[in-house]
Amino acid sequence: MDIDLTPKLAKQVYGGDGGSYHAWCPNELPMLKEGNIGAGKLALTKNGFALPRYSDSAKVAYVLQGSGVAGIVLPEKDEKVVAIKKGDSIALPFGVVTWWYNKEDPELVVLFLGDTKTAHKAGSFTDMYLTGSNGIFTGFSTEFVSRAWDVEESVAKTLVSSQTAKGIVKLDAGFQMPEPKQANRDGMVLNCEEAPLDVDIKGGGRVVVLNTKNLPLVGEVGTGADLVRLNGSAMCSPGFSCDSAFQVTYIVRGSGRVQVVGPDGKCILETHLKPGNLFIVPRFCVVSKIADPDGMDWFSIITTPNPKFTNLAGKVSPWKSLSPQVLQASFKVAPEVEKHFSSKRTAEEVFFPPPN
C-alpha cells in the first residue's frame with residue numbers, strides 16, 4: 001500500500017478571542033479522502049460561542065476537555081439545549097443545526113469525526129453558518145431576506161450585517177444563554193466515561209462502545225464509535241474490522257506504539273502515538289497497539305453503525321476454534337509446538353496485561 005498512514009495533528013482553520021476551529025487536511029492525511037472521512041476539533045475559551053451552523057456531513061462529536069452547553073436542532077424538530085462535559089458523545093445526523101457555548105471552563109474542546117460521502121469535498125467537513133460574516137444570508141439581497149423572514153428591509157439588513165465575526169465569537173460575561181435541561185440528554189448524549197463497560201479486563205483495558213442500542217441516533221449517522229482505555233504497558237490484540245469498515249482513531253490521553261499490517265502481510269505503519277494524533281486503518285488491515293507505562297486512551301469511529309471485529313489473539317481468536325491438525329499443517333510445526341501455542345491466551349481476550 002503506497003498511501004501514507006502516518007498519524008497527524010490538526011491545524012487551525014480559523015479563530016479569535018472566543019476560540020478556534022482545527023481540522024485534519026486530506027492533503028496531509030490522504031486516508032481521509034480515501035476513506036471519505038472528515039475530522040475536526042472545536043476549542044472554545046470561556047464565554048466562547050460557536051455560531052449556529054449545519055454541516056454537509058453526519059458526525060459523532062466527543063467532548064475531549066471541559067464542559068459547556070450545546071444547542072441541537074434536528075430537521076423540523078424543536079431545539080434541544082443540553083449540558084455537555086468531558087467524555088460525552090453526541091450523534092449528529094445529516095441536516096442537524098448545532099451551536100456550542102463554553103460558559104465557565106478555561107477551555108471546552110470537542111472532537112468531530114464522520115463520514116463525508118455526502119460532503120462538498122471528500123475527506124473534509126464544510127460547515128454552513130446561519131449568521132456571521134460568511135453566513136448563508138449574506139449572499140442574498142436585502143429584498144429576498146426581508147420577504148423570506150417577513151420583516152422590513154431595514155430590519156433584514158440589521159439582522160444580516162450586525163454579526164461581523166466568522167464562526168466563533170466571545171460573548172459578554174453577563175450574557176444569558178438558554179439553560180440546558182437534563183431530560184434533553186436522554187437519547188441525545190452518552191457519557192463514555194460513565195457508561196457501562198462493554199469490555200473490562202483486569203490489568204488490560206476497558207471499552208465503551210457507542211451503537212444503536214445505547215445511542216439510537218448513531219443509526220442515522222451511519223458510524224459506530226468507542227472509547228478505549230488501555231492500561232500501562234498493556235497490549236491490544238491484533239484485530240481487524242470483519243465488515244470492511246475503516247477505523248478512525250484519535251489519541252485522547254497517554255502514548256504508545258502501533259503497528260498496522262496490510263492484506264499482503266507487510267507492515268504498512270509502525271510508529272509512536274501521542275495525544276492529538278489522528279490515524280486511519282484501511283479496510284482489511286490488521287492493527288495492534290501497546291501502551292507506554294502511563295497507558296493510552298483513544299476514541300474511534302468505525303464506518304458502520306454496529307461494527308464487528310475479529311481478534312487474532314486471545315481466547316476469542318479463530319486460533320482457538322481451529323483443530324490441532326489444521327494448526328500443525330498451517331504453521332508447519334510439530335504437535336508439541338502446536339500444543340504450546342494452543343495452551344496460551346486461554347483466559348485473556350482483546351487486551352493483554354503486561355508480562356510479569
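The first residue of the sequence shown is numbered 1, and numbering continues consecutively from there.
- Cluster partners of Val208, using a side-chain heavy-atom cutoff of under 4.5 Å among ILVMFWY residues and allowing indirect links, are Leu197.
- Taking CG from Leu217 and CE from Met188, the interatomic distance works out to 6.0 Å, rounded to the nearest 0.5 Å.
- Of the charged side-chain nitrogens involved, none lies within less than 4.0 Å of a carboxylate oxygen, so that Lys59 and Asp115 do not count as a salt-bridged pair.
- Applying the under-4.5 Å side-chain rule to Ile, Leu, Val, Met, Phe, Trp and Tyr, the cluster around Val160 extends to Tyr54, Val73, Val97, Met128, Leu130, Ile136, Phe137, Phe140, Phe144, Val145, Trp149, Val151, Val155, Leu159.
- Atom NZ of Lys8 has more than 12 neighbouring heavy atoms from other residues, nucleotides or ligands inside a 6.0 Å radius.
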| Could you walk me through whether Glu194 and Lys85 pass the salt bridge (charged side-chain N to carboxylate O under 4.0 Å, His left out) check? | CA-CA 11 Å; Glu194 299 173 355; Lys85 62 181 181 179; 2.8 Å; yes
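- Here Thr271 contributes atom OG1 and Phe279 contributes atom CZ; the two are 9.5 Å apart, rounded to the nearest 0.5 Å.
- In this structure, a donor-acceptor pair under 3.5 Å is present between the side chains of Lys41 and Tyr250.
- Hydrophobic clustering, defined by side-chain heavy atoms of Ile, Leu, Val, Met, Phe, Trp and Tyr closer than 4.5 Å, groups Val81 together with Phe49, Leu51, Val69, Trp99, Tyr101, Val169, Leu171, Phe175, Met177.
- Leu108 contributes atom CG, which lies 13.5 Å from atom NZ of Lys103 (distance to the nearest 0.5 angstrom).
- Cation-pi geometry between Arg345 and Phe352 is met: the NZ or CZ atom falls under 6.0 Å from the ring centre, inside 45° of the normal.
- Thr98 has its side chain out of reach of Pro52: every pair of non-hydrogen atoms, C-beta onward, lies at least 4.5 Å apart.
- Put simply, the side chain of Ser57 does not reach to within 4.5 Å of the side chain of Phe94, judged on heavy atoms.
- How far CD of Glu107 is from CG of Leu44: 8.5 Å, rounded to the nearest 0.5 Å.
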